[in-house]
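First the structure, in the form of structure tokens, and then the observations on it.
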Amino acid sequence: MPAPLVVMKFGGSSVAGAERIKRVARRIVRERARGSELVVVVSAMGDTTDELLALAAAITDEPDARELDVLLATGEHQSATLMSMALQSLGVPAISLTGPQAGITTDGRYGKARIAGIDPRRVRAELAAGKVVIVAGFQGMSVAALDGLEATEPASAVHTAEITTLGRGGSDTTAVALAAQLGADRCQIYTDVKGIYSADPRIVADARQLDVVGYEEMMELAHQGAQVMQVRAVELGWVNDVVIEVLSSFEDAPGTQIREDPLVEQRNKVRGIAHDRNVAKVTLVDVPDQPGVARSVFGPLAEQGINVDMIVQNVGHGGATDLSFTIPRVELAKAKRILEPLIRDLGFRDMTTDSAVAKVSIVGAGIHNAPGYAARMFGTLADAGINIEMISTSEIRITTIIAEDRVEEAVRSLHAAFQLEQPETVEAASALAG
Ligand code: ADP
Ligand code: ASP
Ligand code: MG
């Protein structure tokens, strides 16, 4: 039987500093002693990515997107090389590869690139040579033809290879994509908590760890702010049927499996609460109530790569209406720059923005066929005196926008109201059949 192939990903806090890197290296050695072939994906050490972003911001308000990606990718280069050295010093053959060296290509959108493909030949060759392969997470290479040159000429002569990063939390995606491409037997995401919880355990002390969470529920939780997994990683896992195990790198304890969940219909209706502070609200006041206005507003934002999330348009009165929407807070300055000229062109009265808001969501696959969840959510927030500024729903989620300074209180109240600290009751399948 061929040796099982395991992809192990270690997040920033797991590799923050030499001591932790050495500890993770010992863990890798233990796994290897079981006879597995190992591909190890690492994030940048500790807060390195934030520190690099701050350095760039200290140089300029608007760092060039290409240069910023090359800079950010170095964080993962550091940890990958150090991990390789740590393994070698324990007598284990290892090699570090950058994302491009590992054959990861992307679509070329700086700062939020998507993986377009993986050429696994280098990784396979290094595995076949008996090495543990350490891959720098969060990055790949996009290839474009240089202007004025034929793309058919030899690549080195005419192609521009550019380093691109996959967005915050992107090392998760590197790991899942490699596991899918290599047909790995296991895909393990090691982090600083024991698994996926019913809410962020840093905020809710009695949050409960979930044994299994379905791909769809995990995608919503991640999308609504549970940064423990990058959304794209869950999506890739879902599409490629990769069972993703989330577990602690600090203790040996059972983790959480993200997988197709056969019990999804029988579980608690609400599986988790997610919150997100990276939100800003924009309101366009007295927008003319006529065809084409929404396109004129959202078209230019989309062209500049700004994701608009919730949109609320009021009923028009006197030929005008108010239009509110949310965007990632980090994009607010850019959005304002894009929208300001439109105030005159389209004839709105004003644009107001609020970056002291946050999103709070309840998520669960059973919500859509169980009335009363919205009422309980809104009632809980009302009892706490928390004003709801916007609401949106999907089949498996209800989301509210509230003031940022109330977000922790909102998460805790909702967690208690839906009794998420209690062991999950799985209804008997026979009861469902009846
Ligand atoms: P890493 O550096 O390992 O990638 P992250 O900081 O990206 O780690 O993600 C882990 C963190 O995600 C945890 O420390 C926790 O505070 C946060 N988190 C938010 N929501 C959840 C949740 N529902 N379950 C577990 N962790 C969560
Ligand atoms: N270092 C990157 C970040 O901080 C990627 C990652 O950790 O997954 O977002
Ligand atoms: Mg992460």
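Computed from heavy atoms alone, side chains included, the values below leave out hydrogens, waters and symmetry copies. Atoms within each ligand, like the ligands themselves, are counted from 1 in listed order.
Taking only nitrogen or oxygen atoms, main chain and side chain alike, T49 reaches within less than 3.5 Å of ligand 2. Taking distance alone, with nitrogen or oxygen atoms compared against 3.5 Å, G12 approaches ligand 1 more closely than that limit. Taking distance alone, with nitrogen or oxygen atoms compared against 3.5 Å, S43 stays at or beyond that limit from ligand 1. Taking distance alone, with nitrogen or oxygen atoms compared against 3.5 Å, S198 stays at or beyond that limit from ligand 1. At least one N or O atom of R202 sits closer than 3.5 Å to an N or O atom of ligand 1. Ligand 1 has no nitrogen or oxygen under 3.5 angstrom from a nitrogen or oxygen of D172.
Interface of I196 with ligand 1, defined as ligand atoms under 4.0 Å from a residue heavy atom, comprises 24 (N). Of all atoms in ligand 1, listed by their number and element, those nearer than 4.0 Å to a heavy atom of G195 are 24 (N), 25 (C). Atoms of ligand 1 found under 4.0 Å from any heavy atom of D192 (numbered from 1 in listed order, with element): 10 (C), 11 (C), 13 (C), 14 (O). The ligand atoms of ligand 2 that sit less than 4.0 angstrom from a heavy atom of S43 are 6 (C), 7 (O), 8 (O).
At least one heavy atom of A199 sits closer than 4.0 Å to an atom of ligand 1. Using 4.0 Å as the threshold, G11 has no heavy atom nearer than that to any atom of ligand 2. Between L221 and ligand 1 there is no heavy-atom distance shorter than 4.0 Å. For the pair G170 and ligand 2, a heavy-atom separation below 4.0 Å is found. Contact analysis puts P201 in contact with ligand 1, with a non-hydrogen atom separation below 4.0 angstrom.
Looking only at protein heavy atoms, the nearest one to atom 8 (O) of ligand 1 is T191 OG1, 3.2 Å. Closest to atom 24 (N) of ligand 1, if we only count protein heavy atoms, is Y197 N, 2.9 Å. Protein heavy atom in closest approach to atom 9 (O) of ligand 1: V228 CA, 3.4 Å. Scanning all protein heavy atoms for the shortest distance to atom 17 (C) of ligand 1 gives Q227 OE1, 3.5 Å. At the shortest separation from atom 4 (O) of ligand 1 among protein heavy atoms lies K9 NZ, 3.1 Å.
Partners of Y110 by ring pair (Phe, Tyr, Trp, His ring centres under 6.0 Å), not counting sequence neighbours: none found. Take R30 and apply the side-chain hydrogen bond (donor to acceptor under 3.5 Å, both in side chains) test, not counting sequence neighbours, and it matches no residue.
I386 contributes atom CD1, which lies 5.5 Å from atom OG of S413 (distance to the nearest 0.5 angstrom).
Of all the heavy atoms of Q230, none lies under 4.0 Å from any atom of ligand 2, so neither backbone nor side chain is involved. When non-hydrogen atoms are compared, ligand 1 lies under 4.0 Å from the backbone of D200 as well as from its side chain.
The environment of E62 atom CD is sparse: at most 12 non-hydrogen atoms of other residues, nucleotides or ligands sit within 6.0 angstrom. Counting non-hydrogen atoms of other residues, nucleotides and ligands closer than 6.0 Å to CZ of R186 gives a total of 12 or fewer.
Taking the ring centroids of F418 and Y373, they lie under the 6.0 Å cut-off.
A donor-acceptor pair is defined here as one N or O able to donate and one able to accept, closer than 3.5 Å; no such pair exists between the side chain of Q88 and the backbone of M83.
Which of E76, Q227, R168, M229 comes nearest to atom 1 (N) of ligand 2 through a heavy atom is settled by distance: it is E76.
For the residue pair E220 / S394, a side-chain donor-acceptor distance below 3.5 Å is found, with atom types taken as modelled.
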